[in-house]
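So that the names make sense, note that chain A is the first sequence line, chain B the second, and so on, each numbered from 1. Worth knowing before you read on, the calculation uses all heavy atoms, side chains too, and leaves out hydrogens, waters and symmetry mates.
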2 protein chains.
Amino acid sequence: MNAGVEWAIHCCVVLSSADGPVSAQRLAEFHGVSRTYLAKSLQSLSRAGIVETTEGRVGGYVLSRPADEVSVLAVVQAIEGREAAFRCTEIRQNGPFGASPEECVRPCGVATVMAAAERAWRASLREVTIADLAGQVAAETDEPTQVAVGRWLRP
Amino acid sequence: MNAGVEWAIHCCVVLSSADGPVSAQRLAEFHGVSRTYLAKSLQSLSRAGIVETTEGRVGGYVLSRPADEVSVLAVVQAIEGREAAFRCTEIRQNGPFGASPEECVRPCGVATVMAAAERAWRASLREVTIADLAGQVAAETDEPTQVAVGRWLRP
DNA sequence: CTTACGCGGATAGTTGACATCCGTGATTGA
DNA sequence: TCAATCACGGATGTCAACTATCCGCGTAAG
Ligand code: SF4
Ligand code: SF4
């Protein structure tokens, strides 16, 4: 799985507790990752409509929806894409006893099972929102640090 | 996801309906895929204890357990490995407000959520066995073809 | 002893993830 | 007005993993 997924989720959590636009520079420094590459992930979030950007001198990223309306699944799919991990290559149509395309209008058992598993995976991620994660982080961080982080994000 | 997963599942289904060892040559022909590369996947299944091999002149592969005791999950993990798709890189320890390693003894919310999703995925795959898939295939295949396939597998 | 077969290592080609750079356009503050 | 800052998108490079092939070895049936 793409490492940018982890970065993107963390960025969303940070953005949910910030009170203004945060630049890619700050987000990258905060997490200790490559600025230029993180920008790619943030652009994906932007295209997916999860964050909004303000260009110019004091530009940066802001969550475009309240944190409790952004599921973890949305962030993951924004970075990883929406294609299923399991790609069926229709090998049942190959070989000496290959089925004809007419017989393959509906997916076979293998593809069905894998699709069901991925549905379960997505359903699990859909249950959790960025707000849930942010609340957890806030509960584990003491008050002075939270204030310091807030000030650091907006210099 | 590794394409060899699809091949391996199909091979297990075929093996469950065969009455003797089937060579990699036959399995590859049957599915119309590369013989040499399929052999790699079959070797993974062998190392995982899902199939057993008989070497020598009329060697081949046989399921080492009854088909209803082999879950799809076991086959997938044999090919793909057992590591989680989401790798946490502990970026919360980075940056100016990075947490100390002592504070990170237990996994954070993000890693927990992703792990729960993967558990749901595995649980879904664990519910289905090779026997289930074989039964589905058998129900969709007419009698004469089944006999012909059985004969073709063991020439 | 010959033959067919699985096993494991070595070896490439190809793809996709990871990472960086630069030019463009937009916005703000001097 | 003008320079600085920042997001955006394209182009490019690097690297690991997947895909695929080949060969020598050991094994067991005939
Ligand atoms: S049997 Fe299922 S998984 Fe296999 S090729 Fe057909 S649709 Fe795909
Ligand atoms: S916060 Fe969670 S996902 Fe992020 S680096 Fe720490 S353990 Fe990993």
Worksheet, complete the sentence: At a 4.0 Å cut-off to heavy atoms of chain A, the contacted part of DNA chain C spans C:dC18 to C:dG29
Fill in: Residue-level proximity of residues 74-82 of chain B to DNA chain D when a heavy atom falls under 4.0 Å
none
Item to complete: Go through residues 33-43 of chain A and report each residue with a non-hydrogen atom lying under 4.0 Å from DNA chain D, sorted by number.
Response: A:Lys40, A:Gln43
Worksheet item: Would a distance-only check, ignoring hydrogens and angles, find a side-chain to backbone donor-acceptor pair under 3.5 Å from A:Thr145 to A:Thr141?
Response: no
Worksheet item: Is there a donor-acceptor contact under 3.5 Å from the side chain of A:Glu118 to the main chain of A:Ala85?
Response: yes
Item to complete: Compare the minimum distances between each of D:dA28, D:dT19, D:dA7 and the side chain of A:Ala24, then state the nucleotide with the smallest one.
Response: D:dA7
Could you tell me how far apart [X] ([atom1]) and [N] ([atom2]) are, to the nearest whole angstrom?
X	N	atom1	atom2	answer
B:Glu55	D:dG26	CD	C1'	7 Å
A:Leu45	D:dA7	CG	P	13 Å
A:Arg47	D:dA7	CZ	C1'	12 Å
B:Met1	D:dA17	CE	C1'	15 Å

Do [X] and [Y] have side-chain heavy atoms sitting under 4.5 Å apart?
X	Y	answer
A:Pro21	A:Val58	no
A:Phe86	B:Val76	no
A:Arg92	B:His31	no
B:Pro96	A:Trp152	yes

Worksheet item: Got more than 12 heavy atoms from elsewhere within 6.0 Å of CZ, A:Arg65?
Response: yes
Practice prompt. Decide yes or no on side chain to side chain donor-acceptor pair (under 3.5 Å) for A:Glu29 and A:Gln25, but give the supporting numbers first.
Written response: CA-CA 6 Å; A:Glu29 266 184 66; A:Gln25 176 70 49; 3.1 Å; yes
What's the shortest heavy-atom distance between [X] and [Y], and which atoms?
X	Y	result
B:Leu153	B:Ala18	CD1-CB, 4.1 Å
A:Leu45	A:Cys12	CD1-SG, 4.0 Å
A:Ser124	B:Ala120	CB-CB, 4.3 Å

